[in-house]
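In what follows, every chain begins at residue 1, and chains take the letters A, B, ... in the order their sequences are listed.
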Amino acid sequence: MKRFSCGALRAANDGTGAELCGWVHRRRDHGGLIFIDLRDRDGITQIVFDPQHAAFSDAEHLRSEDVLRVRGRVRKRPAGTENTRLATGDVELAVEELEILNRSQVPPFQVNLEENPEESLRLEYRYLDLRRPRMQRNLTIRHRIIKAMRDFFDEREFIEIETPMLIKGTPEGARDYLVPSRLYPGTFYALPQSPQLLKQICMIAGFGRYMQIARCMRDEDLRSDRQPEFTQLDVEMSFCSQEEVLDVMESCMRFVWKRVLSLELAPFPRMAFADAMERFGTDKPDVRFGLELARVGDLFASTEFAVFKSVLESGGEVVGVRYPGGAALSRREFDALVDDAKQSGAKGMVWVALGADGVKSSAQRFIGEAQADPIAQRLRAERGDALLLFADERDAVFTVAGKMRSEIARRCGLRRDDDFAFCWVTDFPYLEIDAETGKPVPAHHPFTAPMEGEWDLIERDPLRMRAQHYDMVLNGYELGSGSIRIHKPELQRRIFEMLGMSREQVEEQFGFFVRALDYGAPPHGGMALGIDRIAMIACGEENLHEVIAFPKTQTARDLMMDAPAPASEKQLRDLHLLPSQRSQRG
RNA sequence: GGCGCUGUAGCUCAGUUGGUUAGAGCGCCGCCCUGUCACGGCGGAGGUCGUGGGUUCGAGCCCCAUCAGCGUCGCCA
C-alpha cells in the first residue's frame, strides 16, 4: 500500500488504498463517528473512523500529538462536506487499520493554534513549537532560499569551500567566542566572526570563485534581528570589479526571489552613502515608500525663531519630513509625537499642520501660511498633511529625521511585509571617528580597498577617503556588506600604518595574511549576506526566532538545552582553567 | 551596562479608587452524540497572582529589590 504525505491526496486519488503517517492535529469525536486531522510537514488530511472497523475502539482514545500510522481507502467526501480551506479538503481517508506509533503527553501548549505562546515556553519546548505549520513553513522557505543560492552559484562555477570553526581571534571588531586549547595551556581558539581572511586566502590560493553557507559567531548583545550565531552567504571572486560583484549578488537575489517566492524583482536602485544619509537619514534606507527628507534651513535664513536661528548660525541644518494626513492629529497627538522624536534623539520637533482651514504650528508665531508654503513644496506635501521639522548639527539632524520618517511610515501603513524593496548603498567613507576615543577607525574592516584615485588621501586627508565598499539593503534592514579588497601588500601596510598599528601588532594579528599577500595575490572582492535576515523578511516575520530552528534568548541562552552550563572539574582541569590535580597536591 | 513593556489556571488573557469565595475562552478529565472540520451538549477538576521584602485593618492591584522573556540605546571593525 502506497504511503502518501498528509498534504498529498486529491480527488484523483478517490478509491485508492493509502497509508498516512503523522500527528493528531485535532480530533472531532461524534460518538458514532470520529474525525482526526492528521498532520505532517506537508499538510493535513482528515481521516475518518467508523464503528464497522476494529480500529474504532482504539481511535476513541486518541489525543493531540499522538503519532499514528493509518491504512485505508481514499474517498471523496460526501457532497457539501468538502473543506475548501484544506488542500486535501475534497477527500478523506476511511481508516481500516490504525497503528499507534507513540503516545504524547498533553502538550504544555496547543500545537494546533495560530497564536504564539510566550517566547520562553516556545523555546523550552522548541520541538513542539517547530511542529506548528507556521514554523514548518518558515524553515522550509529558509531551506529553499539556501538551496537556490547554492544552485545559483554552482551554475556560475563558484565552488563551496568550508573554512574552519576553530581559528585565530582578532582583538578588533566584535567580541570573540573563545575555545580553550587543551594541548597548549593558556591559549585559545576563536570561533569565526566571519570567514573574511580565509576566503581572501582562498582567492590567493587560486580558487577564483568561492562561496560558502557560513556559520558565524559574535559575542555581542542580541536584538530581534541579531543572534550570536548566524548564517551568511559568503562570496568572494578574483579579477573582478565592484560592478561585477554587485551584478552577481543582485542576480542571486533575483534568482532566489523568483524561485522561492515567484516574484520578479526590479533592478535595485543605488545611492551613495552621502545621498542615503541626506535623503533617508540612514545608511540602510527603507525604500518601500517615499517621504524623503529635505533640507529647509535656507528657507529660515532670516527667521527670528531662536531655536532654528541659533542652530543655523552654528553651522547646523533644519530638515523636514512629510507626514501624510498628519494635519488631522490633535495637539495631544502631536505632543506625543514630539516625545517620540526626543526618544529618538531629537532636541525638539516643530510640527506644521496643513489643515483645510489654515496652517497650525507648534511655532505659530514664526511659521504661518507664507512660511509653510515653500517648505510644503519642497517636501511635496499637500493640504491635510503635516510637516515635521528638526534642527540640529548636520550629522545628527538627518539621523533623527530619518527615524521619524520610519515611524510615520509605520503609522501610515506604508511598511507592508509583502513588499520587497532592495537597494544598494555605495561609496562609504573609509574611516569614521570612534565616539569613545575620538580617533579614526575603519568604518568596516581594514582589508577594504580605498576608492581608486583616492589613495593619496591616506597621508593627506584620510577622513575624506572613501572605500570600495557596498551594502545591500532590504526594507530598511542591512542584509550585508562587501568590498573590493586590498591585494597589494604595500597598500595594506600603508593602511595599517594609517590606523596606527605598529609593525609588531600587524605581524602578531595578521602576519599570516600579510605574508600571503606577498605571494601573488590576485585582485579580488566579494560580499556576505545575512541569510537569517533574508529568510525573516521573505517569510514576513519580524524576529529571527521565527526562521531559526533553535535560537537563543536575548540573554544568549538556549532554554531547551539549558546552555550555557557549567563544565565538570575534570574538563576544566584538562583545559587548564583550574589547577591540575598534580600541581594542587604539589 | 542604561531605559521601557510583560509576568494571574496547562495555554491565551480579563481583573474597576486597595475590600466578601480571583474570572473567561481554549486545553484537560467524565458522560452523551454518525458528517464534523475552532464539531456540538451536559458535568467536573485545576490558582503559593514570577520570587523576596515592605506599606496597610486589608495587596493580584501601591512601594522597593530580584529573576525571566521581549523591545530599545550602548555594543555589533
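With hydrogens and angles ignored, no donor-acceptor pair closer than 3.5 Å exists between the side chain of A/Arg26 and the base of B/C37. Looking at A/Arg122, its side chain has no donor and acceptor atom pair within 3.5 Å of the base of B/G69.
Across all strands, A/Thr555 comes closer than 4.0 Å only to sugar-phosphate atoms, never to a base (heavy-atom distances). Nucleic acid contact class of A/Asn112 (heavy atoms, under 4.0 Å, all strands): none. Within 4.0 Å of A/His25, counting heavy atoms only, lies no atom of the nucleic acid at all. Residue contacts for A/Arg28: at a heavy-atom cut-off of 4.0 Å it reaches a base atom on one of the strands shown.
B/A22 and B/U66 have their P atoms separated by 32 Å, with the value rounded to a whole Å. To the nearest whole angstrom, the two C1' atoms, one in B/C28 and one in B/A45, are 9 Å apart. For B/G47 and B/G10, the P atoms lie 7 Å apart once the distance is rounded to whole Å. Comparing B/U21 with B/G25, their P atoms sit 23 Å apart, to the nearest whole Å. Taking atom C1' on both B/U51 and B/C33, the two are 47 Å apart, rounded to the nearest angstrom. Rounded to whole Å, the separation between the P atoms of B/G53 and B/C11 comes to 24 Å. For B/G2 and B/A14, the P atoms lie 29 Å apart once the distance is rounded to whole Å. Nucleotides B/C64 and B/G23 have their C1' atoms positioned 30 Å apart, rounded to a whole Å.
Screening residues 50-97 of chain A for ring pair (Phe, Tyr, Trp, His ring centres under 6.0 Å), with sequence neighbours left out, gives no hits.
Interatomic distance, CD of A/Glu92 versus CG of A/Asp37, reported as 11.0 Å (0.5 Å rounding). Going from atom CD of A/Gln212 over to atom OG of A/Ser194 covers 10.0 Å, rounded to the nearest 0.5 Å. For the atom pair A/Glu229 CD and A/Phe550 CZ, the distance stands at 11.5 Å (nearest 0.5 Å).
When both pairing distances are held under 3.5 Å, B/C3 makes a Watson-Crick or G-U pair with B/G71. In this structure B/U34 sits in no base pair that meets the Watson-Crick or G-U test at under 3.5 Å. With a cut-off of 3.5 Å on both Watson-Crick or G-U wobble distances, the partner of B/U56 is given as none. Base pairing of B/G18: no nucleotide in any strand meets the Watson-Crick or G-U wobble criterion (both distances under 3.5 Å). Shown here, B/U66 forms a base pair with B/G50; the pair counts as Watson-Crick or G-U wobble because both key distances fall under 3.5 Å.
A donor and an acceptor atom, one from each side chain of A/Gln196 and A/Gln200, are located under 3.5 Å apart. Side-chain N/O atoms of A/Arg39 and A/Asn112 include no donor and acceptor closer than 3.5 Å.
Residue whose closest nucleotide on RNA chain B sits further toward the 5' end, between A/Asp50 and A/Gln343: A/Gln343. Nearest-nucleotide positions on RNA chain B for A/Thr170 and A/Lys552 put A/Lys552 closer to the 5' end.
Going from atom CE of A/Met217 over to atom P of B/C76 covers 19 Å, rounded to whole Å. Across the protein-nucleic acid pair, A/Gln554 atom CD and B/C73 atom C1' stand 12 Å apart, rounded to whole Å. In this structure, A/Arg27 atom CZ and B/A38 atom C1' are separated by 14 Å, rounded to whole Å. For A/Lys342 and B/U72, the NZ to C1' distance is 19 Å, given to the nearest whole Å. A/Leu38 has its CG atom 14 Å from the C1' atom of B/C37, to the nearest Å. When the C1' atom of B/U72 is taken as reference, atom CG of A/Asp340 falls 13 Å away, rounded to whole Å. Atom CD1 in A/Ile47 sits about 17 Å away from atom P in B/C37, given to the nearest Å. Summarising the geometry, the separation between CG on A/Leu222 and P on B/G69 is reported as 11 Å, rounded to the nearest angstrom.
Looking at every heavy atom in both residues, A/Ile36 comes nearest to A/Arg27 through CD1-CB, 3.4 Å.
Salt bridge A/Glu508/A/Lys168: absent, no basic N to carboxylate O contact under 4.0 Å. Ion pairing of A/Lys76 with A/Glu82 is absent here, as no side-chain N (NZ or NE/NH1/NH2) approaches a carboxylate O to less than 4.0 Å.
Checked against side chain to side chain donor-acceptor pair (under 3.5 Å), A/Ser5 has the following partners two or more places apart in sequence or in another chain: A/Asp42. A/Asp395 is linked by a salt bridge (Lys or Arg N to Asp or Glu O under 4.0 Å) to nothing, counting only residues two or more places apart in sequence or in another chain.
Results of the side-chain contact (heavy atoms from CB on, under 4.5 Å) test with A/Gln227 over A/His545, A/Arg218, A/Met217, A/Arg533 single out A/His545 as the only residue that passes. Of the residues A/Arg131, A/Arg132, A/Arg26, the one that meets the salt bridge (charged side-chain N to carboxylate O under 4.0 Å, His left out) test with A/Glu65 is A/Arg131. Evaluated for a salt bridge (charged side-chain N to carboxylate O under 4.0 Å, His left out) with A/Glu97, the options A/Arg73, A/Arg71, A/Arg69 yield exactly one hit, A/Arg71.
Checked against B/C76, B/C39, B/C37, the side chain of A/Gln46 finds its nearest nucleotide in B/C37. Proximity note for A/His30 (side chain, C-beta onward) versus B/G69, B/C39, B/C76: the nearest is B/C39.
Within a heavy-atom distance below 4.0 Å of RNA chain B, the residues of residues 54-93 of chain A found are A/Arg63, A/Arg75, A/Arg77, A/Pro78, A/Thr81, A/Glu82, A/Asn83, A/Arg85, A/Glu92.
Ring centers of A/Phe398 and A/Phe280: at least 6.0 Å apart, outside the cut-off.
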Mind listing the N/O atom pairs, protein and nucleotides 45-50 of chain B, below 3.5 Å?
none

Walk along nucleotides 4-14 of chain B from 5' to 3' and tag each nucleotide B, S or - by protein heavy-atom contact under 4.0 Å, base first, then sugar-phosphate.
------SSS--
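Considering only side-chain N and O atoms, A/Arg223 lies nowhere under 4.0 angstrom from the phosphate OP1 or OP2 of B/C70.
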